[in-house]
Amino acid sequence: MQQEAVFCTEGPLLVLAGAGSGKTRVLTHRVAYLIEEKEVNPWNIMAITFTNKAAGEMRERVDKLVGFGAESIWVSTFHSSCVRILRRHIEALGYSTSFSIYDTDDQRTLMKQVFKTLDVDTKQLKERGALSAISSAKDKLIGPEEFLLNATGDFRQRRIGEIYQEYQKQLKKNNAMDFDDLIVKTVELFQNNPDVLSYYQERFKYIMVDEYQDTNLAQFKLISLLAAKYKNLCVVGDDDQSIYKFRGANIENILNFEDAFPGARVIKLEQNYRSTQNILNAANGVIRHNRGRKDKTLWTANSEGTLVHFKQFENARDEADYVARQIRDSGFSYQDQAVLYRTNAQSRLLEERCIYYNVPYRLVGGVNFYQRKEIKDILAYLRTIANGVDDLSVLRIINVPKRGIGATTMGRVTIFASEHGMSLYDALKAARQVPGLGKAAAKIEAFVGQIDSFKVRANSEDFTIQDLIEGILDETGYRQELEAEGEIESQTRLENIEELVNKAVSYEQDSEHPSLDEFLEQVALVADIDNMDESENRVTLMTLHSAKGLEFPKVYLVGMEDGLFPSMMSITADDKSEIEEERRLCYVGITRAREELVMTSARQRMVNGETRYSKPSQFVEELPASAVEFDRLEPALSGYGGFGGGSGSAGGSGRKTDAYADDSLPWNQGGMKAQPKAEGRGFGSSHNPYASRNTAPAPASKPAFGKAFTVQKQSSLDYGPGDRVSHIKFGQGTVKSVEDGAKDYEVTVEFDKAGQKKMFASFAKLKKI
DNA sequence: TTAGCTAGTGTTTTT
DNA sequence: CACTAGCTAA
């Protein structure tokens, strides 16, 4: 069947590929076959994947197969593809090529402004709500006008329509697009410019789409347009693995493919080469409870393997404890194991226990590196330099670092800008003409002068992005402000910025024609999973969603509880199909496992500050008894936990639960010294994604907090009170006093120019002179 | 203008 | 519980 799919190169083709049936293999071999046997120019092949990571892997694998030409295949995600196209043709839509891409945070900021301009009552309508309504409209290619037409009766809908209109207006004014726009605008471009469309139709004679079940209507339209001429479209997907309905994925795209593309061939890949018989039986047992799926049965010639293990615990801490110990003792190497959960919040306890048992881990997801305040600040500078009319970015940095330009001043400038129909930045340039600014005008002029000088440099021949970022750090005083804070957190921020610089450097090395625009775009479109470094021997912790497309010899599915997985939302929803999506998610989780699968649940768990009691997930009950070994707790006092006459005995939970009354703080436990939080959010948020993001150190001994705490306290200082020292920013000065703190020396220095400063020794890097 | 505090809010999953 | 918007005081 795989071979048949590879050889079927002409015309529309739907490959229904069950989990682990080798669809990536089919795709890569198909590309290779097109190039080598059909003598198709690699230039004419387009492959769309779900993540940049998948795109990279695909290119790599094709590269190994064909030996030449793989680099000219167009392999990327929907979003990246669209940006590439838009950068070339966007002017046809009235934007300029250096448009900004707004992420979720930017969207919210913009929406707040929209709410202000339209005077929307946030009691009636939330920014989030409006944004999600708009997003789902965009997924369906419904523009503001059509939205308003459809909303005649409903007041709320009408209001959202107005908001939608204004939101788009402001995006356009900022020369910016949100994620959804990238797709929508590309479709618009193709529809309004037949010559452009025809160019890409000629270019992409062969199109392949991976994870087709997760495409939305806009994406479907995009592909249909591109493939309309040659119709050599091969889509690969599995309706049972559709897990992105909340993001607009339309399962109909796969179910109705044959109607949309008449004459389409359908090939099913039903043999699973990945998992053991027992794991597959467990997966099939669960998924067969779904209705409205394409009929198929996954089978395998693999051995039976060990039984799937389900184990229930008294509380979430016991669960995490067990899993961490299992990972350590299972005999599988760390990189061959993964812990999958429904919500990111569950990672915290797992991290804590991994640290406790010295289990090295890598965390995928959580707070994105690019969402960090300091990173967003620097990026906002870069955007301001690249895209002169991005008001949102200007607003973000105008007073960062502090320049004494506050809300009152900016309010006046904003009014002036809108009265004269100019961008915020242009209004700042004309600060002298803005009424009522007083002393602030001079401050603004200094800011504008700096930015303009950066702009000049950015356009000069031999500038590098690295220079630009370093320049921003030094000349605006951003670095100095952070250093002066002298907090460990400040240092983490600086390190994160250094990481961004590294990213910029490697980008400039890798890219053929590096540009600031392209760098910003790459940075905007990274997914959590893209940064997963598999070279290190660590266990992976991530959400079920992130795990899609991956496989591991041993998998732990944790938090198998009703109300958590399936989520409460899906249980209480009127729409029955929401449970089905959760079930597919469960199916995805189970089928990630190759050899061993452990599922766990906790009777008691802290959720949003309150203890919640739950019984095992209904999906656990759907597991076929023959493939699973159940290890449930005795039923508790009536009401909670367990189901029916629980088999098996209460294993491993004769522990004193009250001992964990305060199980929330990882510090102060297991003999670890109390540590300050690296950031306000505690676990799972600090550090960078490249070197040591959210990872415990592999060796046992070091304090287990990755980069933020690797500052080594020097055993002694080579200077003391009275000595003359020099500091990279503050110049020379005299040491007043040295305090020996727990983590570091705190040094007070009277600088000749900068006055008296207090700072941490390892951070300040003072030199004795 | 800014820092710091308080009260309110929302909590699935993500390109 | 964790974050954040908005208010208050300096």
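Throughout, a chain's letter reflects where its sequence line sits, starting with A, and its residues are numbered from 1.
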Original post:
Which is true for A/Ser567 with a 4.0 Å heavy-atom rule: it touches a base, it touches only sugar-phosphate, or it touches nothing?
Top reply: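 Since a base atom lies under 4.0 Å of A/Ser567, the category is base.
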
**OP:** Tell me what A/Glu582 touches on the nucleic acid: a base, only sugar-phosphate, or nothing, going by heavy atoms under 4.0 Å.
**Re:**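 The residue A/Glu582 makes base contact.
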
Original post:
Can you check whether A/Thr409 has a side-chain N or O nearer than 4.0 Å to OP1 or OP2 of B/dT1?
Top reply: yes

Subject >> Upstream residue (5' side of DNA chain B) when A/Lys443 and A/Met569 are each assigned their closest nucleotide >> reply: A/Lys443

Subject >> salt_bridge(A/Arg293, A/Asp239) N-O dist < 4.0 Å >> reply: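 Not counted as a salt bridge, because no side-chain N and carboxylate O are separated by less than 4.0 Å.
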
Subject >> Listed nucleotide nearest any side-chain atom of A/His545, set C/dA5, B/dT15, B/dT14 >> reply: B/dT14

Original post:
Applying side-chain hydrogen bond (donor to acceptor under 3.5 Å, both in side chains), which residue pairs with at least one partner in residues 391-401 of chain A are found, sequence neighbours left out?
Top reply: A/Lys173-A/Asp391, A/Asp377-A/Arg396, A/Arg383-A/Ser393, A/Asp390-A/Ser393

**OP:** Check whether any side-chain heavy atom of A/Val236 sits under 4.5 Å from a side-chain heavy atom of A/Met208, and report yes or no.
**Re:** no

Subject >> B/dT2 OP1/OP2 closer than 4.0 Å to side-chain N/O of A/Asn399 >> reply: yes

Original post:
Does A/Ile375 offer a backbone N or O that forms a donor-acceptor pair with the side chain of A/Asn496 under 3.5 Å?
Top reply: no

Subject >> Listed nucleotide nearest any side-chain atom of A/Phe179, set B/dT15, B/dT11, B/dT12 >> reply: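 Ranking B/dT15, B/dT11, B/dT12 by closest atom to the A/Phe179 side chain puts B/dT15 first.
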
**OP:** Write down the distance between CG (A/Leu437) and P (B/dT1), rounded to a whole number of angstrom.
**Re:**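 Result: 9 Å.
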
**OP:** Determine the contact category for A/Phe565: base if any of its heavy atoms lies under 4.0 Å from a base atom, sugar-phosphate if only primed atoms, P, OP1 or OP2 are that close, otherwise nothing.
**Re:** nothing

**OP:** Name the closest nucleotide to the A/Lys112 side chain, picking from B/dT11, B/dT12, C/dA5.
**Re:**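 Minimum distance to the A/Lys112 side chain belongs to C/dA5.
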
Original post:
Can A/Lys23 and A/Asp238 be counted as an ion pair, charged N to O under 4.0 angstrom?
Top reply: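 Salt bridge flag = no for A/Asp238 with A/Lys23.
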
**OP:** Please check the phosphate of B/dT11 (OP1 and OP2 only) for any side-chain N or O of A/Arg128 closer than 4.0 Å.
**Re:** yes

Original post:
Rounding to a whole Å, what distance do you find between A/Asp139:CG and B/dT14:P?
Top reply: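 Taking CG of A/Asp139 and P of B/dT14, I get 16 Å after rounding.
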
**OP:** Rounded to the nearest angstrom, tell me the gap between atom NZ in A/Lys53 and atom C1' in B/dT14.
**Re:** 16 Å

Original post:
Under 4.0 angstrom, heavy atoms only, what part of the nucleic acid is A/Arg584 near: base, sugar-phosphate, or nothing?
Top reply: nothing

Original post:
Atom CZ of A/Arg247 to atom C1' of B/dT14: distance rounded to whole Å?
Top reply: 5 Å

Original post:
Please give, in whole Å, the distance from B/dT11 C1' to A/Arg342 CZ?
Top reply: 12 Å

**OP:** Look at A/Lys402 and B/dA3 and indicate whether a side-chain polar atom (N or O) is within less than 4.0 Å of OP1 or OP2.
**Re:**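 Looking at the OP1 and OP2 atoms of B/dA3, one of them is under 4.0 Å from a side-chain N or O of A/Lys402.
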
Original post:
A/Phe220 versus A/Tyr212: any side-chain heavy-atom pair under 4.5 Å?
Top reply: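 Yes, close enough: below the 4.5 Å cut-off.
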
Original post:
Between atom CG in A/Leu557 and atom P in B/dT13, what is the gap in whole Å?
Top reply: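 Interatomic distance, CG of A/Leu557 to P of B/dT13: 16 Å.
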
Subject >> Distance in angstrom units between A/Ile243 CD1 and B/dT15 C1', rounded >> reply: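 Going from CD1 in A/Ile243 over to C1' in B/dT15 covers 13 Å.
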
**OP:** Kindly say if A/Arg108 contacts the phosphate of C/dA5, meaning a side-chain N or O under 4.0 Å from OP1 or OP2.
**Re:**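 Checking C/dA5 against A/Arg108, a side-chain N or O does come within under 4.0 Å of OP1 or OP2.
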
Original post:
When you compare B/dT12 with C/dA5, how far apart are their C1' atoms, in angstrom units rounded to a whole number?
Top reply: 24 Å

Original post:
Could you give the CD-to-C1' distance, from A/Glu127 to C/dG6, as a whole number of Å?
Top reply: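 Atom CD in A/Glu127 sits about 13 Å away from atom C1' in C/dG6.
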
Original post:
Between A/Asn344 and B/dT11, is there a side-chain N or O to OP1/OP2 distance below 4.0 Å?
Top reply: no

**OP:** Using the aromatic ring of A/Phe246 (for Trp, its six-membered ring), decide whether it stacks on the base of B/dT13 within the limits of 5.5 Å and 30°.
**Re:**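 Answer is yes, a stack.
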
Original post:
For the side chain of A/Ser546, counting heavy atoms from C-beta on, which of B/dT14, C/dA5, B/dT12 is nearest?
Top reply: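 For A/Ser546, the side-chain atoms sit closest to B/dT14.
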
Subject >> Residue-phosphate contact under 4.0 Å: A/Thr543 side-chain N/O, B/dT14 OP1/OP2 >> reply: yes

